[in-house]
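Here's the structure we're looking at; comments come further down.
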Amino acid sequence: MDEMTWEFVLRIFVAALLGGAIGLEREYRAKEAGFRTHFLVALGSALFMIVSAYGFEGALSTPEHRWDVSRVAAQVVSGIGFIGAGTIIFQKNENAVRGLTTAAGLWVTAAIGLACGGGLYALSITSTILVLVGLEAFNFILHKFDKHRNAS
């Protein structure tokens, strides 16, 4: 395999690891989408980005027909919105909406995968760390509020 192929393999590998890290946190919290889902969303997004940016290099290109690599990335965002919508549930008896954080997690995991596919490793890793910090901080704050509410 040539050097570029190894770079692509690295991109999808890093995407899968970062998506998997977010998925592990979701799995630990017993949420709707866990390790496998986040792993696959990140890997798939990275692969779509690579194919979009490099998969059509040999295709005929003329001034009238130009390839737009951002079009596939835009469709990934739409597709993930569809998957995320499937995780959102309104529970009428509790008057509560569940799954919004999971849907948002899938959305940002797809963005991380797209960034990895584009070779933006530092941005992808930083985003993953921020997602994990945000999820844990949110959980910590909710736990504190629950303790405060129960003490009242």
Exercise. Dump the intermediate steps for side chain to side chain contact (heavy atoms under 4.5 Å, CB included) on V72 and V51, then the final yes or no.
Key: CA-CA 9 Å; V72 171; V51 169; over 6 Å; no
Is there side-chain contact between [X] and [Y], with heavy atoms separated by less than 4.5 Å?
X: Y54; Y: M4; result: yes
X: I22; Y: F39; result: no
X: H38; Y: L106; result: yes

Quiz item: Would R11 and E7 pass as an ion pair if we require N to O under 4.0 Å?
Solution: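 Counted as a salt bridge, because a side-chain N and a carboxylate O are separated by less than 4.0 Å.
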Quiz item: Would R26 and T102 satisfy side chain to side chain contact (heavy atoms under 4.5 Å, CB included), going step by step from the backbone distance to the final call?
Solution: CA-CA 8 Å; R26 301 278 70 201; T102 299; 3.5 Å; yes
Quick check on the hydrophobic clustering: are [X] and [Y] connected, directly or via other members, by side-chain heavy-atom contacts under 4.5 Å?
X: I112; Y: L17; value: no
X: L135; Y: W107; value: no
X: L47; Y: L114; value: no
X: V108; Y: V14; value: yes
X: F35; Y: L43; value: yes

Self-check item: Stepwise side chain to side chain contact (heavy atoms under 4.5 Å, CB included) test for R29 and E136
Solution: CA-CA 10 Å; R29 301 275 175 221; E136 286 303 310; 2.7 Å; yes
Exercise. Under 4.5 Å between side-chain heavy atoms, chaining through other members, with only Ile, Leu, Val, Met, Phe, Trp and Tyr counted: pull out the rest of the cluster around L120, sorted by chain and number.
Key: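 Grouped by the 4.5 Å side-chain rule, L123 form the rest of the cluster around L120.
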Quiz prompt | Greater than 12 external heavy atoms within 6.0 Å of R36's CZ | solution =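 Counting neighbours around CZ of R36, 12 or fewer heavy atoms of other residues, nucleotides or ligands fall under 6.0 Å, so no.
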Quiz item: Counting only heavy atoms not in F8, do more than 12 fall under 6.0 Å of its CZ?
Solution: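 Atom CZ in F8 is packed in, count exceeds 12.
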Can any side-chain N or O of [X] pair as donor or acceptor with the backbone N or O of [Y] at less than 3.5 Å?
X: T109; Y: G19; value: no
X: E25; Y: L132; value: no
X: T87; Y: G84; value: yes

Self-check item: OH-CG distance between Y121 and L18, expressed to the nearest 0.5 angstrom
Solution: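 Nearest 0.5 Å value for the OH-CG distance: 10.5 Å.
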Exercise. State the CG-CD1 distance between L130 and I125, to the nearest 0.5 angstrom.
Key: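 Going from the CG atom of L130 to the CD1 atom of I125 covers 12.0 Å.
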